[in-house]
Protein chains: 2
Amino acid sequence: MGTTQLEPVPEPKYWHLKTVLSEALDSEFSVGEILPNERDLAARFGVARATLRQALEQLELEGRLQRRRGVGTTVAPPRMGVSVGTDPHSWPGGPEDAWQPVDCTTAVPPAAVADALGTAREESVHTVRRSRVSHGRPVAAELLYVPPSSVPDLTGIDAPSGAARARAVLRELQRLELERQDSAVELGSARADDAKELDRLPGAPVLVVTTRFVAGGRTAALSVATYRADTCRLTFGDFGGVQVHHGPQARAS
Amino acid sequence: MGTTQLEPVPEPKYWHLKTVLSEALDSEFSVGEILPNERDLAARFGVARATLRQALEQLELEGRLQRRRGVGTTVAPPRMGVSVGTDPHSWPGGPEDAWQPVDCTTAVPPAAVADALGTAREESVHTVRRSRVSHGRPVAAELLYVPPSSVPDLTGIDAPSGAARARAVLRELQRLELERQDSAVELGSARADDAKELDRLPGAPVLVVTTRFVAGGRTAALSVATYRADTCRLTFGDFGGVQVHHGPQARAS
């Protein structure tokens with residue numbers, strides 16, 4: 001319709017191809033279907049393979065296509081709404097927490113994390129690794145940094161490491177009174193260990209959600225969570241089942 | 001340090017290069033500095049240009065580098081924290097609104113928007129275009145969809161179009177009692193008109209924030225806002241000046 005464009009803007013070739021491909025996906029393909037190979041697609045649309053590849057990358061960014069190792073390029077299902085920070089007063093590990101503890105180590109965090117926590121740069125903190133599964137598939141990986149001062153009664157006797165240790169740290173955290181939690185969302189690329197957990201290649205686009213848990217006027221814990229950007233739509237508040245768009249191409253066509 | 005990795009994961013070549021480049025950025029370059037050209041960089045690090053390009057793309061995703069037309073690749077400043085939906089009870093156009101109205105048209109919205117608004121598919125709605133500037137630079141572009149039923153007293157006499165019309169729509173919206181606003185964040189690629197407004201190429205990665213404004217038990221307005229993913233970190237709640245990381249490379253080094 002183009003009615004909301006202020007004025008015509010010249011579009012690169014791959015951009016036009018993306019629009020054409022997007023329409024073909026709607027009309028000719030169903031979710032999960034494997035696309036023809038690049039050579040055939042380039043021939044069908046009369047474009048160079050480099051142009052085709054750019055258009056496919058765009059559609060991947062928008063969540064329309066998924067590239068899966070050993071499978072090929074498939075038509076993606078609509079992104080899942082994954083609820084983030086619904087309750088500003090609930091600690092990690094609370095009754096409605098969607099995260100599963102995987103491991104816990106004690107390690108010196110990155111300098112920026114130490115600064116945010118207010119710990120000394122060389123000070124070790126509890127580092128809880130958790131994962132989040134939705135509809136049976138891994139959607140996010142998290143590192144939760146907890147300074148020893150936030151869990152002073154934690155002892156190493158019962159559970160020195162692993163998921164049991166992680167649960168012990170989370171349990172101790174609940175003793176503090178949480179004032180609020182604040183979050184920030186930004187684009188990132190998956191680190192190797194996260195990528196493996198999320199079944200992606202290192203460097204795949206991810207949405208990084210950093211959450212600061214404030215208790216007693218200071219940051220008592222800090223979470224850095226990495227969500228798959230291809231399959232997830234992060235929801236804040238009661239967004240429910242609203243499916244406003246499937247990639248921005250639905251904004252104004 | 002690698003202390004938080006569960007087990008070693010094989011890393012692609014460009015990934016290792018990215019880490020090396022990232023360290024070079026920290027030690028040898030300052031913010032705003034222009035990087036040597038690709039040929040020289042590839043030679044310096046002894047890699048193929050394709051590998052170099054992949055590593056540069058990663059660093060761009062993580063907000064470390066910016067590619068600017070006519071300038072080249074420069075070292076990016078830390079991302080700006082841009083506050084999103086701080087007050088769940090304030091309408092667009094309220095006193096603390098960071099958005100500037102640009103234009104207003106009446107147009108049939110995309111089908112998914114009509115469905116979310118509960119309007120008929122062929123029904124026209126007010127479509128307010130707004131832009132958001134932070135630190136003197138454009139950071140986001142928005143389309144705000146307002147069904148006529150949400151602003152029944154709006155007349156076309158005083159301001160039939162343009163920014164004045166947009167302000168009239170926003171003013172009329174304030175008459176409704178806002179119950180709450182819910183948001184979702186996902187990765188997208190910039191449409192041509194947004195890209196122009198944001199000084200990016202079409203298809204550049206953006207963070208798309210969809211916000212539903214609920215009044216009288218129904219969606220009274222719907223905002224689809226496109227934020228530059230390279231320069232913005234979206235903050236929810238009182239995240240303040242916390243700079244936890246500059247791209248995920250700071251998570252665990």
Side-chain angles (χ1 to χ4, degrees), chain A residues 1 3-6 9 11-12 15 58 61-63 79 81 85 88 103 105 107-108 110 112-113 116 127 129 143 180-189 191-193 196 202-203 205 207-208 210 212 222 224 226 229 233-239 242-245 247-248 250-253, chain B residues 1 3-6 9 11-12 15 58 61-63 79 81 85 88 103 105 107-108 110 112-113 116 127 129 143 180-189 191-193 196 202-203 205 207-208 210 212 222 224 226 229 233-239 242-245 247-248 250-253:
Chain A
M1 298 169 289
T3 42
T4 53
Q5 290 208 353
L6 297 180
V9 176
E11 299 192 343
W15 189 258
Q58 294 300 321
L61 267 189
E62 294 175 9
R79 283 176 174 157
D103 196 10
T105 57
V108 176
V113 170
T127 306
R129 188 160 183 89
L143 291 178
R180 65 169 201 279
Q181 60 178 69
D182 312 314
S183 296
V185 181
E186 64 190 294
L187 180 63
S189 64
R191 290 184 308 138
D193 52 346
K196 193 184 173 200
L207 296 169
V208 181
T210 309
R212 179 172 64 162
L222 189 86
V224 181
T226 301
R233 196 177 70 244
L234 308 181
T235 66
F236 290 80
D238 182 26
F239 208 79
V242 175
Q243 279 281 358
V244 174
H245 69 167
R251 282 185 54 189
S253 52
Chain B
M1 299 170 290
T3 43
T4 53
Q5 289 208 354
L6 296 180
V9 176
E11 299 191 344
W15 189 259
Q58 294 301 321
L61 269 189
E62 295 175 9
R79 283 176 173 156
D103 197 9
T105 58
V108 176
V113 170
T127 306
R129 188 161 183 89
L143 290 178
R180 65 168 200 280
Q181 60 179 68
D182 312 313
S183 297
V185 181
E186 64 190 294
L187 180 62
S189 64
R191 290 184 309 138
D193 52 347
K196 193 184 172 200
L207 296 169
V208 181
T210 309
R212 179 172 64 161
L222 189 85
V224 181
T226 301
R233 197 179 70 245
L234 308 181
T235 65
F236 290 80
D238 182 25
F239 208 79
V242 175
Q243 278 280 356
V244 174
H245 70 165
R251 282 185 52 190
S253 51

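Just so we're on the same page: letters track the sequence lines, and every chain starts at 1. Computed from a prediction, not measured in an experiment: that's the story for all the values here.
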Report summary line: Note: A/Gln58 and B/Ser189 closest approach over all heavy atoms is OE1-CB, 3.1 Å

Report task. Look up atom CZ in B/Arg79 and atom CG in A/Leu187, then write down how far apart they are to the nearest 0.5 Å. Result -> 5.5 Å

Query - Portion of B/Leu61 that has a non-hydrogen atom of chain A nearer than 4.5 angstrom - result: both

Query - From A/Asp182, A/Leu234, A/Val185, residue fulfilling side-chain contact (heavy atoms from CB on, under 4.5 Å) relative to B/Phe236 - result: A/Val185

